[in-house]
Amino acid sequence: MTTESALADGVREALSVDAEAFAERAAEEAEIVKQELRDGSFDNHQSIVGFEYEFYAVGDGRWSEESRAGEYALMRVPRRLLELMGFEKELGLHNAEMSTSPQPLSDHGLRAQLAEVRARLEAAENTAGVEGMRLVSDGLWTIPPAGETADGYLTDSVEVDGVVVAVNMSDAVRYHAMANDRPENSADADPNTGNGDPAVRLDAPGVSLAAETVMPESLITSIQPHYQVAHAETLPRHFRYALRIAGPLLALGANSPFFPPELYDDGWEGERVLDEGATANRIHVFESVLNARTDADKVRFPRDFHDVETAVDRIAADETLIPMPDPGGSDRFDDAFATFRTKHGSYWRWVRPVFEGSSRSAANARIEFRPIPGQPTVRDSIAFQGAFAGLMQALAQREHPVIGLDWETARDNFYAAVADGLDADMEWIGPDGERTTDTDALYADLLDHAEAGLRTAGCADDEAAEWIAPLRWRVANRTTPAGWKRDRVRARLDGDDFETAVVDTQREYIRQQADTLIDGGFSAWTDGS
């Protein structure tokens, strides 16, 4: 049996699952989760941090013919290579993902996170280098594979035994099934001529792309800090604070201002993209592609909740896209609510609560912070982890009044950051309870509290300051990765066309990163410090 046939069989099996029975199981298991919460199973003696880190692969010009064919063009990662690197597969064949081991929130814990990422990434880069590849930490790729178009790579699909399969997507049944859950799928339709009913459409300022599968979502990559609360009953309060810092932190981390140039609509290039395009297009990609298959927008800025059981109920009641088969039991603690966990896998919110654990002692309630794109260097990435964790500690402990910022304003801050990054107009409530739109005042308060939270967790003053320093540099210099890219494209437009300006800027980004990814910092890209 071919891999494609096995995948098609898996898709058919998923589509045959009774959706009503699946929903009933999830609701029943939600009651198990709520009872375990009442029993204290998700409580721990201290806060824990974790990290997910996504990359994409490009050719570095060595060894293989494909690698030499295009300077830093996207490359597919062989599955055997992922196993050798100890990385996990993600949506696209060009993706690789690392998850760190959870650590206590402390200076030692953060240093363990930093050391683990550096050690594993260095080993992975060495392994990938043998194949003429380099792993890139970024928000959105812009150079397609050598000899291919971005449109073709993202939309190529075939029909296998009556099932639509994305050619360049990993063999994840759930994602392939999303293209096949319509009464009459449109395998024979041309998504770019409007014939038939394309499954998804990517919509962003200046870009509209139709496809039969969710493969366009593989344009983007991210980092995801996790914060595990010590006591599950405090999760709602921490969650509400997380929503209020989402916009400001996203503005600091913006890193996806450009698409592959060929994807832009007619009339969109050069100055118009710079004037009207977003700085954080990753948000537009994820929302538009995955929401295209939903009745209610599943990818969105979530609402507040005020008790932990409401969080559980929302996950259980969330719209089901693909009711996956029962994965079967093992000896995991959270197999008692395996269907609930499966449903949580498509609970796509920019900030989301998680309840899981392989054993009762490892059971945890945590917040996954999902807005931040991949960053230029590991050091900058871990700065966001430290800032998020420090803020989760300090804001709740100090009862910071920003929790009183109305939800609508927090949401508006978030989408203002998507559009304009650090230039966005955002509203904040300072420690004195006064509202402000002053960017310097907002970030001084935000980052002061991030440091304070790290000190509370056991970091010395200078250590806490060191973790947050890369973000303070961005504020002081009004510079983000998105701004860096935009400045370079603008300068190149003096002599180059838009496509050349974007591609050459991407190549400069990767060359700079080659020297700084593991041991350097983004600040060195502009001032040499």
Side-chain angles (χ1 to χ4, degrees), residues 11 14-27 30 90-92 154-155 157 163-166 169-170 172-187 189 191 196-205 207-220 222 224 243 246 280-305 310-325 339-354 368 370-371 407 411 414-415 418:
V11 169
L15 296 176
S16 70
V17 175
D18 186 294
E20 186 174 341
F22 179 87
E24 290 175 357
R25 285 201 310 274
E90 248 293 330
L91 182 65
L154 293 169
T155 62
S157 62
V163 172
V164 176
V165 174
M169 191 188 296
S170 298
V173 168
R174 180 181 66 183
Y175 288 116
H176 286 279
M178 288 174 63
N180 294 273
D181 67 337
R182 291 166 287 168
E184 296 182 3
N185 73 57
S186 51
D197 178 28
V200 303
R201 185 175 295 277
L202 188 164
D203 285 310
V207 174
S208 54
L209 175 70
E212 290 300 321
T213 74
V214 297
M215 182 63 189
E217 193 256 314
S218 72
L219 275 163
I220 57 177
S222 70
Q224 294 181 22
L243 295 186
N281 282 299
R282 175 178 166 266
I283 304 300
H284 290 301
V285 172
F286 198 57
E287 288 191 348
S288 63
V289 170
L290 293 180
N291 285 342
R293 302 301 301 134
T294 68
D295 295 325
D297 291 344
K298 287 171 67 68
V299 185
R300 63 180 185 262
F301 189 80
R303 304 287 308 195
D304 291 331
F305 58 82
T310 296
V312 176
D313 288 337
R314 286 184 182 175
I315 296 169
D318 192 48
E319 179 185 359
T320 299
L321 290 183
I322 304 298
M324 298 294 291
T339 300
F340 176 88
R341 283 172 48 222
T342 298
K343 189 158 189 178
H344 179 273
S346 65
Y347 185 69
W348 294 311
R349 304 296 190 270
W350 290 116
V351 184
R352 72 179 182 183
V354 180
E368 291 184 355
R370 299 161 57 83
W407 176 85
R411 178 199 57 197
F414 183 80
Y415 289 104
V418 172

Checking [X] side chain against [Y] main chain: does a donor-acceptor pair fall under 3.5 Å?
| X | Y | answer |
| --- | --- | --- |
| Arg370 | Arg349 | yes |
| Ser170 | Glu90 | yes |
| His344 | Pro353 | yes |
| Asp297 | Asn291 | no |
| Arg282 | Pro371 | yes |

Can you tell if the side chain of [X] reaches within under 4.5 Å of the side chain of [Y], non-hydrogen atoms only?
| X | Y | value |
| --- | --- | --- |
| Ile322 | Met178 | yes |
| Arg25 | Phe22 | yes |
| Thr342 | Arg174 | no |
| Ser218 | Leu154 | yes |
| Tyr415 | Ile283 | yes |
| Pro205 | Asn281 | yes |
| Leu243 | Pro302 | yes |

Check [X] against [Y] and note the closest heavy-atom contact, atom names and distance.
| X | Y | result |
| --- | --- | --- |
| Arg352 | Gly345 | NH1-O, 4.1 Å |
| His284 | Ala204 | CB-CB, 3.7 Å |
| Ala210 | Thr155 | O-CG2, 3.6 Å |

Verdict with reasoning, Phe305 to Asp313, per side chain to side chain contact (heavy atoms under 4.5 Å, CB included): CA-CA 11 Å; Phe305 58 82; Asp313 288 337; over 6 Å; no
Aromatic ring pairing Phe414/Phe301, orientation class (parallel under 30°, perpendicular over 60°, tilted between):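 Rings of Phe414 and Phe301: tilted, 30 to 60°.
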